[in-house]
Amino acid sequence: MINNLVIVESPAKAKTIEKILGKDFQVRSSMGHIRDLLKNEISIDIKNRFKPQYIVPPDKKKVVSELKEVVRKAKTVWLASDEDREGEAIAWHLSEVLNLDPEKTKRIVFHEITKEAIDDAIKNPRSINQDLVNAQQARRVLDRIVGYELSPVLWKKIKPSLSAGRVQSVAVRLIVEREREIINFKSTSSFKVNALFYVNDKSGKSYQLKAELNNKFPDRKKALEFLSHCKTADFSIENILKKPARKSPSPPFTTSTLQQEASRKLNFSVAQTMTVAQRLYEAGKITYMRTDSVNLATTALDAASNVIEKTFGEQYSNRKNYKTKSKGAQEAHEAIRPTHLDKETITGNATEKKLYELIWKRTIASQMSDAQLERTTVTIAISNATEKFIAEGEVLKFDGFLKVYFESSDEEPEEDVSGLLPPIEKGMPLACLNIVATERFTHNPPRYTEASLVKKLEELGIGRPSTYAPTISTIQQRGYVMKEDRPGRERKYTQIILENKTIKEDTKTEITGAEKSKLFPDNIGMIVNDFLVEYFNNILDYNFTASVEKEFDEIATGNLNWFEMIGKFYKPFHEKVNKTLAKSAVNKGERKLGTDPETGKPVLVRMGRFGAVVQIGELSDSEKPRYASLRKGQNLESITLEEALELFRLPRTIGKFEDKDIIVSIGRFGPYILHNSTFYSLNKNTDDPYSVTAGRAIEIIQEKRLRDEKKVLRTFQEDAELSILNGRWGPYIKYKKENYKIPKTSDPSTITYEECLALIKDAPSRKKKKK
DNA sequence: CAGTGAGCGAGCTTCCGCTTGACTT
């Protein structure tokens, strides 16, 4: 017999709580939800008040049967799932599925895993809040209806296997709309002016002073005019203004801010951050990693002040708790923090260490004093112009939290972060070393990274900490968006320099628009988005989630009936679905570009079976059209006739080598040379497939042959098909076109033929092809 | 992995949120 059985959601949590509660309590976990709608049908009885049909999914059968077993032996069952909508629903499903006797069942909640919080919870049990459960059912049913009615419309009108949903479709919309802003962005340029002065102090020591003009010039002519004025000008210090300033630390991490900082500081993908955090959590090193709360437990606040006072001194400590401001936060947990704040670092692999240290620093910094600065602004007068040069300096008076941590920003850093200023006084004349007017271009809005998309979704109140990473992976899996690097392009800019009373002009080159790990919409993402925005603009509205959340809150407080709310939504929505199915045309994103100057035939672009395609001519009995795939980065909606025709110039035969044709083309891995049925990649940066010569192609072929020779470490007389090769991850066995690992226990330089065969035989069977 | 793009029809796809492994690479 068990006196008390506590059920929580996570096994790691169960372990910790069991330690706190002691012998009288057994703690088990449900591993999240244990019941859900059927997967392959809508599973909602629309006509019968939207009654959901729940089942225990196959992967939860084991957990449920184990729970049933312990429940039978338990005197009292404590349902301790999280204190939010989903948690309440989990408690309710548990009580239904496990057939719990209300007399013996108690619902408790705690948002900190500390002895006080848990003891307190045990002293204040309640019963399940059915209103809150109904709010969850409404959320679940709404998402199912939206997802399972919209997706099939896409299958019929655009392409099979596509998907749409309240969260993912808005995520795609953000990326598509941002891309269009970028496509339509017209960059303008203006001239900013920087000057370098120097001053001598009393001892004759010389210092430099950098300053920027408080005015920009719209064109080259105006900039030149100003510079020629400066030729004869005198410069002097007109004013020195000192102002104190403060910087405050950021609150401790939530899921979304952790994902953002790990992306900026550690280059982690959103998914990677979550996997590493999960390991830290399971090892008991950090608190729960899926949270929207910035709250810290009192024990954590105590521990933090302790660490800060001991390490840095009392003046660095500034104990405070932060308020969550994000929309729709449910605050079931603490912020993400180290469980033991006195541990600045941990044992573990490199990624675990880095993420832990980031969390430690952020948590500690959040409890530290503001940094105090003194900002100095120096105004420099020009004797024959009304413009002023401005020099800025910043002195750190007290570092405070900056001793430990500084939050990064998504914005590109401004150049010339001001530092210490030389000793200067008001009225002092300045000598001018040079004045430079540089042409600067306005920037298009930035593309989203995974992490900045999460930030935006959180701001809109769309999605939850547990779904940010999966959502981002879904929209990539569907082919709506891609995470990619793009090379920048060269851009010329003008620089005008005044030095030694003479003006020189220079044209320089810079690289602009290079992107790393940014989210780009694919053509199919744009087509699906436009379709959904046209026919289902209410669902795609950025405020849709926020407005249904308000109604869920009404349901949770008992002021609104859940199936009536769903009914009101369903009727017009379902009608719209039917209307769209009946009237909208099949949408392939087709666009006519013009006519082919060679043949006079029409040129059009559209989505084909394998992606976006250009087509010359119409399909008829007598003739097949010519086709060419669009390349990475080309969009159906922005490709020009010239760019489209260019695509037909490949593949081209550029000559012969060893009596075989050399053919150049572009495949899915970029430009390549095909020679004697072997492929050779062209260097994307230096070789252009449209202009590469036979001579260069032969060079590439021979380089590759040489590399391949070095790749073979050993061969065996017994069997020509077996060899040991040197690969990216070190030596491996290649046998009949399949690769096999060499275990660390064997030495690749001495391993025998028989040992290789044995390894091949014991190798685990290859997995099926990834989709 | 280096191409592909006819038409028909059968059978399949899909949501969001709560959780962890069981799998390769």
Side-chain angles (χ1 to χ4, degrees), chain A residues 8-14 29-37 39-44 57 59-60 62-63 81-82 84-90 93 136 139-156 159-169 275 278-279 281-282 288 290 330 332 462-468 470-471 474 478 539 545 588 606-615 619-621 624-629 650-651 663-674 677-682 728-729 739 741 764-768 770-771:
Chain A
V8 295
E9 291 177 41
S10 135
K13 198 168 166 179
S29 64
S30 75
M31 314 265 196
H33 276 295
I34 52 145
R35 250 196 342 182
D36 193 14
L37 304 171
K39 209 174 157 305
N40 39 13
E41 54 172 281
I42 189 117
S43 199
I44 296 162
D59 60 325
K60 290 293 162 65
K62 199 172 155 222
V63 186
S81 45
D82 295 345
D84 58 12
R85 213 158 58 200
E86 299 297 329
E88 202 67 16
I90 288 173
H93 283 303
Q136 192 274 346
R139 199 280 305 154
R140 181 70 191 93
V141 165
L142 178 94
D143 282 336
R144 174 51 72 92
I145 290 173
V146 169
Y148 274 41
E149 292 219 0
L150 280 189
S151 301
V153 178
L154 298 181
W155 306 343
K156 291 194 184 80
K159 210 176 99 171
S161 303
L162 294 174
S163 65
R166 175 176 59 81
V167 174
Q168 58 169 283
S169 296
T275 342
Q278 174 87 30
R279 282 205 300 271
Y281 168 66
E282 282 168 10
Y288 196 59
R290 290 184 277 262
Q330 303 198 4
I462 298 172
R464 305 278 314 128
S466 66
T467 60
Y468 295 138
T471 299
T474 301
R478 298 275 174 275
I539 310 287
T545 293
K588 298 284 175 205
R606 62 176 171 85
M607 284 307 282
R609 273 205 290 159
F610 310 105
V613 67
V614 199
Q615 180 181 335
L619 188 69
S620 68
D621 295 335
K624 264 182 94 173
R626 293 178 68 203
Y627 297 101
S629 290
L650 292 176
I663 297 163
V664 184
S665 192
I666 294 179
R668 39 188 289 215
F669 304 111
Y672 65 88
I673 297 165
L674 178 61
S677 12
T678 314
F679 294 91
Y680 304 87
S681 288
L682 280 180
R728 261 201 292 173
W729 297 291
N739 300 337
K741 253 198 297 212
S765 64
R766 306 241 117 207
K767 71 154 186 188
K768 329 157 229 118
K770 266 198 300 200
K771 86 166 202 182

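Below, chain A is the first sequence line, B the second, and so on; all start at residue 1. Just so it is clear, the values below take in all heavy atoms, side chains as well, and ignore hydrogens, waters and symmetry mates.
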Sugar-phosphate only, base, or nothing, as touched by A:S161 at under 4.0 Å among non-hydrogen atoms: base
A:S161 side, atom OG; A:R478 side, atom CZ - distance, nearest 0.5 Å: 8.0 Å
Shortest non-hydrogen contact between A:P152 and A:G147, atoms and distance: CD-O, 4.3 Å
Sugar-phosphate only, base, or nothing, as touched by A:G463 at under 4.0 Å among non-hydrogen atoms: sugar-phosphate
Nucleotide of B:dT20, B:dA6, B:dC16 approaching A:D143 most closely (side-chain heavy atoms): B:dC16
Sugar-phosphate only, base, or nothing, as touched by A:Q168 at under 4.0 Å among non-hydrogen atoms: sugar-phosphate
Phosphate-side-chain proximity, A:S665 and B:dA2, N/O vs OP1/OP2 below 4.0 Å: no
Sugar-phosphate, base or nothing in reach of A:Q615, heavy atoms under 4.0 Å: nothing
Residues A:D82 and A:K13 bridged, charged N to O under 4.0 Å: yes
Sugar-phosphate, base or nothing in reach of A:P11, heavy atoms under 4.0 Å: sugar-phosphate
A:R464 side chain near B:dC18 phosphate (N/O to OP1/OP2, under 4.0 Å): yes
Nearest listed nucleotide, side chain of A:S10, among B:dT19, B:dG3, B:dT14: B:dT19
A:S629 (side chain) and B:dG5 (base): donor-acceptor pair under 3.5 Å: yes
Base B:dC16 to side chain A:R144, donor-acceptor N/O within 3.5 Å cut-off: no
Distance in angstrom units between A:Y680 OH and B:dC1 P, rounded: 19 Å
From B:dA2, B:dG17, B:dC16, nucleotide with atom closest to A:S466 side chain: B:dG17
Side chain of A:F679 (C-beta onward), nearest among B:dT14, B:dG3, B:dC18: B:dG3
Sugar-phosphate only, base, or nothing, as touched by A:R166 at under 4.0 Å among non-hydrogen atoms: sugar-phosphate
Nucleotide nearest A:H33 when distance is taken to its side chain, options B:dC15, B:dC18, B:dT20: B:dC18
Of the listed nucleotides B:dG17, B:dA2, B:dG5, the one nearest the side chain of A:Y672: B:dA2
Sugar-phosphate, base or nothing in reach of A:V167, heavy atoms under 4.0 Å: sugar-phosphate
Which nucleotide in B:dT20, B:dT14, B:dC18 has an atom nearest any side-chain atom of A:E86: B:dC18
Whole-Å distance separating the CD1 atom of A:I42 from the P atom of B:dC16: 13 Å
B:dC15 phosphate, OP1 or OP2, under 4.0 Å from A:R478 side-chain N/O: yes
Presence of A:S163 side-chain N/O under 4.0 Å of B:dC15 phosphate oxygens OP1/OP2: yes
Aromatic-base stack, A:W155 on B:dT13, cutoff 5.5 Å, angle under 30: yes
Touch class at under 4.0 angstrom, heavy-atom based, for A:A89 against every strand present: nothing
A:Y680-A:Y672 aromatic ring centre distance below 6.0 Å: no
Verdict with reasoning, A:T545 to A:R166, per side-chain hydrogen bond (donor to acceptor under 3.5 Å, both in side chains): CA-CA 7 Å; A:T545 293; A:R166 175 176 59 81; 3.2 Å; yes
Sugar-phosphate only, base, or nothing, as touched by A:Y468 at under 4.0 Å among non-hydrogen atoms: nothing
Sugar-phosphate, base or nothing in reach of A:G165, heavy atoms under 4.0 Å: sugar-phosphate
Centroid under 5.5 Å and tilt under 30°, A:Y148 to B:dT14: yes
Side-chain-base donor-acceptor pair under 3.5 Å for A:R290 and B:dC18: no
Shortest non-hydrogen separation from A:R140 to A:L37 and the atoms involved: CZ-CD1, 3.9 Å
Sugar-phosphate, base or nothing in reach of A:L154, heavy atoms under 4.0 Å: nothing
Per A:D84 side chain, nearest of listed nucleotides B:dC18, B:dC16, B:dC15: B:dC18
Proximity to the side chain of A:R139 - top-ranked nucleotide from B:dT20, B:dC16, B:dA2: B:dC16
Between C1' of B:dG21 and CG of A:D59, the distance in whole Å: 10 Å
Under 3.5 Å: donor-acceptor pair, side chain of A:T467, backbone of A:R464: yes
A:I539 CD1 to B:dC16 P, straight-line distance once rounded to whole Å: 12 Å
